[in-house]
Amino acid sequence: MRRRRDEVGRAGHLHRRGLARVTAYRALALQLATRAITAREQIDDAIARAEKQVRGARAWLGPDLRLVVLPEYVLTGFPMGHGVARWRELACLAPGGPEYAALGRVAAEHEVFLSGNAYESDPHFPDLYFQASFIIDPSGEVILRYRRLHSMYSPTPYDVWGRYLEVYGIDAVFPVARTELGNLACIASEEILYPELARALALRGAEVFCHSTSEASAPELTPKAVGRRARALENLAYVVSANSGGLDGIPIPRDSTNGGSELIDFQGRVMAVAGPGESLVAAAELDLAALRRARSRPGMANLPARVKTMLWAEEYGRHDGERPNGLADRIPDRAWFTRRQQEVIDARTQPADR
């Protein structure tokens, strides 16, 4: 299959750099407030606020801080009643565009791997946009771009599946960056609730999941908090999860989405967790040597080594669900996503004899 090596494709394949690997380093889930934008120029302000906080975190936590994860859509907020065309114009970054260059300068100046999440346009799909998680290395290069596959109200690669694979190939759908910090992958927001995605990335070698999220937080375990622990344990992987430190500019109380950024180790244990507000408290050391020992040790706890991939591939093939290419010839409105989900629900709740 022919693949075009453009900005998205380069950042979607396995990334390797000839740098000395480390066995332990500090990672930070940097909890920042999100402001819903009303003008495109406000994206630059959001990048400047993020840079200020990365600079402070690096000074406070020290030079062994190597990985910083930012919250979901921290640059723009999310579309509230915006049509696809309007949101693409207002809030979507172009791969290789000036906003990514600015983020690259943040990573380079502070010598960190910087992971985050943004809405993106794509010249191959000019009528749509995608939500993307990314990783930028200390040279300022975008080394990984993951387009979210599960989204309630936004287009995904699965909605234009045939064309997307033709343009980018399957490696760009499930990217893993092989770096001196280990094998890094991204999971977006509610996708932490989908075990198949994390398992697919782990099967491709992922050791650290960078989880940009913007979610309701609470003193008790939330569904996503349960998901983070499960995905870490199931795959013997670290999870670095950055939540919003408040969400301004939308008609809900700002602190509904505030706090709970956390790091989970490969046994599902909480290493650090932040309270409400902008915070660098969710920071901890990731011990890659210990993770790799756990993955190489036979036993009941080595769940990734016991996965029966052929069994589940066959069983999944027996069942219908959301079908691909639903947006191959249309521009969606919000109602289209709801109708699609209702069709799946209806199909699964029909009597067995029908």
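On a predicted model such as this, the values are computed, not experimentally measured, just so you know. Atom set for the values below is all heavy atoms of this structure, side chains included, hydrogens, waters and symmetry mates excluded.
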Nearest-0.5 Å distance that lies between atom [atom1] in [X] and atom [atom2] in [Y]:
{"X": "Arg228", "Y": "Glu215", "atom1": "CZ", "atom2": "CD", "answer": "4.0 Å"}
{"X": "Ser189", "Y": "Glu72", "atom1": "OG", "atom2": "CD", "answer": "3.5 Å"}
{"X": "Arg178", "Y": "Leu144", "atom1": "CZ", "atom2": "CG", "answer": "11.5 Å"}
{"X": "Cys186", "Y": "Phe209", "atom1": "SG", "atom2": "CZ", "answer": "10.5 Å"}
{"X": "Asn325", "Y": "Arg330", "atom1": "CG", "atom2": "CZ", "answer": "11.0 Å"}
{"X": "Arg295", "Y": "Asn302", "atom1": "CZ", "atom2": "CG", "answer": "9.0 Å"}

### Polar side-chain atom of Ser296 near backbone of Arg293 as donor-acceptor pair, under 3.5 Å
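Answer holds: yes.
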
### Query
Okay, side chain of Glu99, backbone of Asp44: is any donor-acceptor separation there less than 3.5 Å?
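No; judged by distance alone, with no hydrogens or angles, the pair does not exist.
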
Taking all atoms of both residues into account, what is the closest heavy-atom pair of [X] and [Y], and its distance?
{"X": "Pro332", "Y": "Val84", "answer": "O-CG2, 3.5 Å"}
{"X": "Gly104", "Y": "Ile136", "answer": "CA-CG2, 3.8 Å"}
{"X": "Ala272", "Y": "Ala284", "answer": "CB-CB, 4.5 Å"}
{"X": "Pro71", "Y": "Ser212", "answer": "C-CB, 3.8 Å"}
{"X": "Asn235", "Y": "Ala202", "answer": "OD1-CB, 3.5 Å"}
{"X": "Gln31", "Y": "Pro276", "answer": "NE2-C, 3.8 Å"}

Test item: [X] and [Y] side chains (from C-beta on) under 4.5 Å apart, heavy atoms:
{"X": "Ile192", "Y": "Thr213", "answer": "no"}
{"X": "Leu90", "Y": "Ile37", "answer": "yes"}
{"X": "Val273", "Y": "Val281", "answer": "no"}
{"X": "Pro157", "Y": "Phe125", "answer": "no"}
{"X": "Asn258", "Y": "Ser244", "answer": "no"}
{"X": "Glu51", "Y": "Glu109", "answer": "yes"}
{"X": "Phe174", "Y": "Leu203", "answer": "no"}

### Test applied, side-chain contact (heavy atoms from CB on, under 4.5 Å); reference residue, Leu28; option that passes from Leu263, Val54, Leu61
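Considering Leu263, Val54, Leu61, a side-chain contact (heavy atoms from CB on, under 4.5 Å) with Leu28 is found only for Leu61.
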
### Message
Out of the candidates Phe130, Tyr129, Phe78, only one should pair with Tyr119 under the ring-ring contact (aromatic ring centres under 6.0 Å, His included) rule; please name it.
### Response
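That would be Tyr129; it is the only one of Phe130, Tyr129, Phe78 passing the ring-ring contact (aromatic ring centres under 6.0 Å, His included) with Tyr119.
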
### Task
Using the salt bridge (charged side-chain N to carboxylate O under 4.0 Å, His left out) rule, take Asp159 and Arg340 through it: C-alpha gap first, then chi angles, then the decisive distance, then the call.
CA-CA 11 Å; Asp159 298 322; Arg340 176 177 65 172; 2.5 Å; yes

Look at [X] together with [Y] and state whether they make a salt bridge at an N to O cut-off of under 4.0 Å.
{"X": "Asp171", "Y": "Arg204", "value": "yes"}
{"X": "Arg318", "Y": "Glu314", "value": "yes"}
{"X": "Glu207", "Y": "Arg292", "value": "yes"}
{"X": "Arg145", "Y": "Glu120", "value": "yes"}
{"X": "Asp127", "Y": "Arg88", "value": "no"}
{"X": "Arg229", "Y": "Glu262", "value": "yes"}

### Query
Does the ring centre of Tyr158 sit less than 6.0 Å away from the ring centre of Tyr164?
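Ring centres of Tyr158 and Tyr164 not closer than 6.0 Å.
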
### Task
Begin from the C-alpha positions of Ser217 and Thr222 and carry the test side-chain contact (heavy atoms from CB on, under 4.5 Å) through to its verdict.
CA-CA 7 Å; Ser217 55; Thr222 63; 5.7 Å; no

Has [X] got more than 12 heavy atoms of other residues, nucleotides or ligands less than 6.0 Å from its [atom1]?
{"X": "Arg40", "atom1": "CZ", "answer": "yes"}
{"X": "Arg334", "atom1": "CZ", "answer": "no"}
{"X": "Arg58", "atom1": "CZ", "answer": "yes"}
{"X": "Gln342", "atom1": "CD", "answer": "yes"}

Is there a continuous path of hydrophobic side-chain contacts, each under 4.5 Å between heavy atoms, that joins [X] to [Y]?
{"X": "Ile170", "Y": "Val176", "answer": "yes"}
{"X": "Leu303", "Y": "Ile264", "answer": "no"}
{"X": "Leu233", "Y": "Ile187", "answer": "no"}
{"X": "Leu201", "Y": "Leu165", "answer": "yes"}
{"X": "Leu197", "Y": "Met152", "answer": "yes"}

### Query
So, Asn117 and Tyr146: side-chain donor and acceptor under 3.5 Å apart, yes or no?
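No, Tyr146 and Asn117 have no side-chain donor paired with an acceptor closer than 3.5 Å.
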
### Task
Assess whether salt bridge (charged side-chain N to carboxylate O under 4.0 Å, His left out) is satisfied between Glu180 and Arg66, documenting all intermediate values.
CA-CA 10 Å; Glu180 65 267 34; Arg66 301 295 310 280; 3.6 Å; yes

### Task
May I have the step-by-step check of side-chain contact (heavy atoms from CB on, under 4.5 Å) for Phe134 and Ser115, ending in yes or no?
CA-CA 5 Å; Phe134 57 82; Ser115 181; 5.7 Å; no

### Task
Run the numbers on His110 and Leu65 for side-chain contact (heavy atoms from CB on, under 4.5 Å), then give the verdict.
CA-CA 10 Å; His110 302 295; Leu65 175 61; over 6 Å; no

### Query
Could you go step by step and tell me if Asp122 and Tyr168 meet the side-chain contact (heavy atoms from CB on, under 4.5 Å) rule?
CA-CA 12 Å; Asp122 188 312; Tyr168 296 123; 2.7 Å; yes

### Query
If you look only at pairs with a residue in residues 234-251, which of them pass as a salt bridge (Lys or Arg N to Asp or Glu O under 4.0 Å), with sequence neighbours excluded?
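Counting only pairs at least two positions apart or across chains, the salt bridge (Lys or Arg N to Asp or Glu O under 4.0 Å) contacts touching residues 234-251 are Arg231-Glu234, Asp248-Arg254.
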
### Task
List the steps and the verdict of salt bridge (charged side-chain N to carboxylate O under 4.0 Å, His left out) for Glu191 and Lys224.
CA-CA 9 Å; Glu191 290 196 305; Lys224 290 183 183 178; over 6 Å; no

### Query
Could you go step by step and tell me if Asp45 and Arg35 meet the salt bridge (charged side-chain N to carboxylate O under 4.0 Å, His left out) rule?
CA-CA 10 Å; Asp45 296 335; Arg35 301 176 185 174; over 6 Å; no

### Task
Any chance you could lay out the side-chain hydrogen bond (donor to acceptor under 3.5 Å, both in side chains) test for Asp287 and Tyr25, step after step, and finish with the verdict?
CA-CA 7 Å; Asp287 187 342; Tyr25 60 91; over 6 Å; no

#### Entry: Ser261 and Asn243: CA distance, side-chain angles, deciding distance, side-chain hydrogen bond (donor to acceptor under 3.5 Å, both in side chains) verdict
CA-CA 5 Å; Ser261 298; Asn243 192 25; 5.6 Å; no

